[in-house]
Amino acid sequence: MLKMPPAFQMPNVNLEEVSAELARTGKRVHVLWQEAETLAFVARGREYRSEFHINPADEVMYMLRGEMRLHYRTSEGKEEVSVLTEGSIIYTPSGIPHSPRFPPDAFALIIERKRAAGEIDAFQWYCPKCDDLLYEGRFVVSDYALDPVSTAYAAFFDSEQHRTCGGCGNVTPDPR
Ligand SMILES: [Fe+2]
């Protein structure tokens with residue numbers, strides 16, 4: 001038996017229309033729904049995507065338009081790339097540092113779950129010269145509509161100290 005409040009409207013969303021709306025407004029994400037066990041949003045790609053995101057939840061990404069290069073780091077710390085062509089879907093288990101790189105005219109449907117109370121998302125940057133960990137930002141992602149990735153970006157790029165490598169001294173430039 002379904003247990004839903006009587007006023008609940010099941011979201012029924014056309015993904016083409018959502019993508020067109022993102023392209024028109026320039027916004028990065030459009031949240032379709034956020035519930036305890038399911039959260040879905042359409043994301044437009046962004047320039048300069050360089051961080052690795054570590055989710056406390058599993059994630060499914062489906063490429064609606066364009067191509068994604070999903071960089072990720074293995075348990076040995078090696079960087080690999082999985083290319084997601086238009087119409088392809090990929091499953092990323094929780095805990096794998098991953099960096100979805102796709103251009104602003106490409107769109108992906110992302111499905112995960114809403115964070116439980118106290119869960120932390122981590123965003124890591126590595127040195128482009130020596131691959132040392134440069135900086136890790138840790139955030140509580142309570143609401144995807146607040147665009148947590150942009151918050152993490154600002155924390156990294158606004159600080160030259162965060163972008164300076166403790167290993168080799170290289171300063172990652174701010175490309176914005
Ligand atoms: Fe370095």
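The analysis underlying the following values was restricted to heavy atoms, covering all of them including side chains, and did not include hydrogens, waters or symmetry mates. Each residue takes its place number in the sequence, starting with 1. Order of listing sets the numbers, starting from 1, for every ligand and every atom in it.
- Applying the ring-ring contact (aromatic ring centres under 6.0 Å, His included) rule to F41 yields the partners Y144; only residues at least two apart in sequence or on another chain are considered.
- Every pair passing side chain to side chain donor-acceptor pair (under 3.5 Å) that includes a residue from residues 34-43 is listed here, sequence neighbours excluded: W33-T38, Q34-D143.
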If you look only at distance, which donor and acceptor atoms sit under 3.5 Å apart when one is on a side chain in residues 166-175 and the other is two or more places apart or in another chain?
unit_1, atom_1, unit_2, atom_2, d
D174, OD1, R176, N, 3.0
D174, OD1, R176, NE, 3.0
D174, OD2, R176, NE, 3.4
D174, OD2, R176, NH2, 2.9

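- Ring centroid separation for the pair H162 and F156 does not come in under the 6.0 Å cut-off.
- With a cut-off of 2.8 Å, the protein N/O/S atoms near the Fe ion (ligand 1) add up to 4.
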**OP:** Could you please spell out the steps behind the side chain to side chain contact (heavy atoms under 4.5 Å, CB included) verdict for C130 and C165?
**Re:** CA-CA 9 Å; C130 76; C165 179; 3.6 Å; yes

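- Ring-centre distance between F52 and F123: not below the 6.0 Å cut-off.
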